[in-house]
Amino acid sequence: EAERIGGGSDGAAEAEVRSAHELISIDEVEFLGHDGLPTKVATPLEPLTVRMHWTAREPIELPLFSFAVESEAGVYVANPGMQTEDHTGKLLTGSGHVDYTVDSLALGPGQYTFSVAAHDHSGTTVLDKRERFLTLRVQPGSRMVYGLVDMLGRWEPPVSATGGPA
């Protein structure tokens with residue numbers, strides 16, 4: 001049975017559900033900016049790393065880590081998670097961290113709440129979950145992102161019906 005505890009590491013959480021499995025725990029989560037230093041503020045289209053610090057209480061086959069992103073309005077924006085083909089056959093012991101690296105942050109300006117989780121290697125059992133655990137503020141950058149996310153595409157110059165530049 002899950003235990004309810006209050007508060008995330010930055011006060012973002014209202015109530016948190018933790019797993020009773022106690023094989024592994026996600027102890028801390030931090031954002032690292034383009035300079036590799038911890039930050040709570042990011043800029044659209046700049047690099048960002050989500051780092052989850054974990055502790056395995058006994059050797060455990062490499063779990064699948066994931067996180068969910070919600071906007072200020074409660075809109076579910078993204079949920080990147082490890083896939084079983086990302087790693088196989090390794091055991092975690094002791095403490096360490098896992099990084100999710102974003103080369104170009106697609107989020108538009110605003111405040112986003114992150115929930116994090118660790119599942120067993122098959123992805124069927126939640127080993128630890130911290131809901132609404134951490135908040136990231138995305139501030140406008142030199143290139144504006146309109147909406148919740150940037151499509152990370154590019155516009156090509158118009159071409160006339162005759163095939164030449166318009």
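No path of Ile, Leu, Val, Met, Phe, Trp and Tyr side chains, each step under 4.5 Å between heavy atoms, connects L37 with V138, placing them in separate hydrophobic clusters. One hydrophobic cluster, built from ILVMFWY side chains closer than 4.5 Å, cannot hold both V102 and M151; they sit in different ones.
Around the NE2 atom of H34, the shell of radius 6.0 Å holds no more than 12 heavy atoms that belong to other residues, nucleotides or ligands. The environment of R137 atom CZ is sparse: at most 12 non-hydrogen atoms of other residues, nucleotides or ligands sit within 6.0 angstrom.
With hydrogens and angles disregarded, no donor-acceptor distance shorter than 3.5 Å links the side chain of R130 to the backbone of V29. Judged purely by atom type and a 3.5 angstrom limit, Q83 uses its side chain to pair as donor or acceptor with the backbone of G81. For the pair D103 (side chain) and P47 (backbone), a donor-acceptor distance under 3.5 Å is absent.
Listed by chain and number, the hydrophobic cluster partners of Y146 are M144, where partners are ILVMFWY side chains within reach of under 4.5 Å, directly or through others. Cluster partners of V145 are L45, L152, counting Ile, Leu, Val, Met, Phe, Trp and Tyr whose side-chain heavy atoms approach within less than 4.5 Å, directly or via other members.
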**OP:** Tell me, with the steps shown, if W54 and F65 meet side-chain contact (heavy atoms from CB on, under 4.5 Å).
**Re:** CA-CA 10 Å; W54 52 265; F65 292 94; 3.8 Å; yes
Subject >> side-chain contact (heavy atoms from CB on, under 4.5 Å) evaluation trace for S66 with H119 >> reply: CA-CA 8 Å; S66 66; H119 291 79; 4.1 Å; yes
**OP:** Step by step, work out the side-chain contact (heavy atoms from CB on, under 4.5 Å) result for F133 and F114.
**Re:** CA-CA 6 Å; F133 181 65; F114 283 63; over 6 Å; no
**OP:** Go through V98 and M82 one step at a time and tell me if the side-chain contact (heavy atoms from CB on, under 4.5 Å) criterion holds.
**Re:** CA-CA 11 Å; V98 61; M82 288 179 151; 3.6 Å; yes
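Looking at residues two or more places apart in sequence or on another chain, you find a side chain to side chain contact (heavy atoms under 4.5 Å, CB included) between V77 and V69, S71, L107, Y112, L148, V149. Residues passing the salt bridge (charged side-chain N to carboxylate O under 4.0 Å, His left out) test with E30: none are found, sequence neighbours excluded. The side chain to side chain contact (heavy atoms under 4.5 Å, CB included) check on T49 picks up L32, D99, T101, with sequence neighbours excluded.
From I26, atom CD1 reaches atom NZ of K129 across 10.5 Å, with rounding to the nearest 0.5 Å. Note: S95 OG to D27 CG = 6.5 Å, rounded to the nearest 0.5 Å. If you take CG on L136 and OG1 on T39, they are separated by 7.5 Å, rounding to the nearest 0.5 Å. I24 CD1 to L62 CG: the interatomic distance, rounded to the nearest 0.5 Å, is 8.0 Å. Atom OG of S25 is separated from atom CG of L127 by 10.5 Å, given to the nearest 0.5 angstrom. Distance NE2/H121 to CG/L64: 8.5 Å, rounded to 0.5 Å.
The nearest pair of heavy atoms linking G153 to D150 is N-OD1, 4.3 Å. Closest heavy-atom contact between L48 and A42: CD1-CB, 4.1 Å. What you find for G141 and P44 is that their closest heavy atoms are N-CD, 4.0 Å.
A salt bridge links R132 with E70; the closest basic N to acidic carboxylate O contact falls under 4.0 Å.
With contacts defined as side-chain heavy-atom distances shorter than 4.5 Å, the pair Q139/V41 qualifies. Put simply, the side chain of L91 reaches to within 4.5 Å of the side chain of E61, judged on heavy atoms. Here the side chains of F67 and S115 are not in contact, with every heavy-atom distance at 4.5 Å or above.
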Using atom types as modelled, flag every donor-acceptor pair under 3.5 Å from a side chain in residues 157-165 to any protein atom, sequence neighbours excluded.
from: S160; atom 1: OG; to: T162; atom 2: N; distance (Å): 3.4
from: S160; atom 1: OG; to: T162; atom 2: OG1; distance (Å): 2.8
from: S160; atom 1: OG; to: G164; atom 2: N; distance (Å): 3.4
from: S160; atom 1: OG; to: G164; atom 2: O; distance (Å): 3.1

